[in-house]
Enquirer: 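First, the structure itself, so that you have it in front of you.
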Amino acid sequence: AEKRRVLVVARKRPLFEHEAARGEFDALSMSPGVAAVHVCHMAPDLKGMFMRHHEFGVGLALGESSTNGELCASAIVPLLEHVAAGGGPAPLPFAPPP
């Protein structure tokens, strides 16, 4: 088994209907081990726009279609098994308000 000191788990939520109705858009994508933020910038001429993509490596990246069961099986169960074996966890959940 792989021994880690820290495991960062990122789970993306879907865009809510009321957010889409306000004209908001999805600016985050997930791929195995990577959370990518897509940011639109105005060009220096103030006429054109361009995208920048910022990628962040994470231990586990779960997309918007992931289920609570997948999250539990891939992140919570291993943490509980570690605790049961005498290890000390330090879960730091963070979920910004919608």
Side-chain angles (χ1 to χ4, degrees):
E2 182 180 337
K3 186 171 183 163
R4 298 183 196 152
R5 292 188 51 98
V6 176
L7 172 63
V8 176
V9 178
R11 183 182 186 195
K12 178 185 179 213
R13 69 164 176 81
L15 191 66
F16 295 130
E17 287 183 29
H18 69 273
E19 293 169 327
R22 287 194 308 242
E24 296 182 23
F25 55 92
D26 201 345
L28 180 69
S29 62
M30 306 297 263
S31 59
V34 177
V37 179
H38 313 287
V39 184
C40 186
H41 292 277
M42 184 66 72
D45 64 7
L46 299 179
K47 294 180 183 176
M49 298 182 82
F50 62 95
M51 294 288 289
R52 284 224 170 109
H53 308 282
H54 306 279
E55 293 185 348
F56 301 92
V58 295
L60 178 62
L62 298 169
E64 62 190 62
S65 63
S66 67
T67 66
N68 287 340
E70 291 170 330
L71 173 65
C72 287
S74 58
I76 306 302
V77 170
L79 175 64
L80 294 176
E81 289 172 346
H82 175 71
V83 171
L92 301 169
F94 173 73

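Atom set for the values below is all heavy atoms of this structure, side chains included, hydrogens, waters and symmetry mates excluded. Fair warning: this is a prediction, and the values are worked out from it, not measured in the lab.
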Enquirer: Kindly give the heavy-atom pair with the smallest separation between Pro78 and Cys72, and that separation in Å.
Expert: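 Heavy atoms of Pro78 and Cys72 come nearest at CD-O, 4.1 Å.
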
Enquirer: Would Leu71 and Val9 count as a side-chain contact (heavy atoms from CB on, under 4.5 Å) if you check the C-alpha gap in whole Å, the side-chain angles of each, and the deciding distance to 0.1 Å?
Expert: CA-CA 9 Å; Leu71 173 65; Val9 178; 4.0 Å; yes

Enquirer: Determine the interplanar angle of the His54 and Phe56 rings, folded into 0 to 90°, and report it as parallel if under 30°, tilted if 30 to 60°, perpendicular if over 60°.
Expert: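 Tilted.
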
Enquirer: Remaining members of Leu15's ILVMFWY cluster at a side-chain heavy-atom cut-off under 4.5 Å?
Expert: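 None; Leu15 is a cluster of one.
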
Enquirer: Is it true that atom CZ of Phe25 has more than 12 heavy atoms of other residues, nucleotides or ligands lying nearer than 6.0 Å?
Expert: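 Result for CZ/Phe25: open.
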
Enquirer: Taking all non-hydrogen atoms of both residues into account, name the closest pair between Leu60 and Ala75 and its distance.
Expert: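 Of all heavy-atom pairs spanning Leu60 and Ala75, the closest is CD2-CB, 4.2 Å.
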
Enquirer: Has the side chain of Arg11 got a donor or acceptor atom that lies under 3.5 Å from a matching backbone atom of Ser66?
Expert: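 Judged by distance alone, yes, a pair lies under 3.5 Å.
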
Enquirer: Under the side chain to side chain donor-acceptor pair (under 3.5 Å) rule, collect the residues that match up with Arg52, sequence neighbours excluded.
Expert: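 Side chain to side chain donor-acceptor pair (under 3.5 Å) list for Arg52, sorted by chain: empty.
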
Enquirer: Taking distance alone, no hydrogens or angles, what donor-acceptor pairs closer than 3.5 Å link side-chain atoms of residues 26-46 to residues at least two apart or in another chain?
Expert:
{"unit_1": "Asp26", "atom_1": "OD1", "unit_2": "Lys12", "atom_2": "NZ", "d": "3.3"}
{"unit_1": "Asp26", "atom_1": "OD1", "unit_2": "Leu28", "atom_2": "N", "d": "3.4"}
{"unit_1": "Asp26", "atom_1": "OD2", "unit_2": "Lys12", "atom_2": "NZ", "d": "2.6"}
{"unit_1": "Ser29", "atom_1": "OG", "unit_2": "His38", "atom_2": "NE2", "d": "2.7"}
{"unit_1": "His38", "atom_1": "ND1", "unit_2": "His53", "atom_2": "ND1", "d": "2.7"}
{"unit_1": "Asp45", "atom_1": "OD1", "unit_2": "Lys47", "atom_2": "N", "d": "2.8"}
{"unit_1": "Asp45", "atom_1": "OD1", "unit_2": "Gly48", "atom_2": "N", "d": "3.1"}

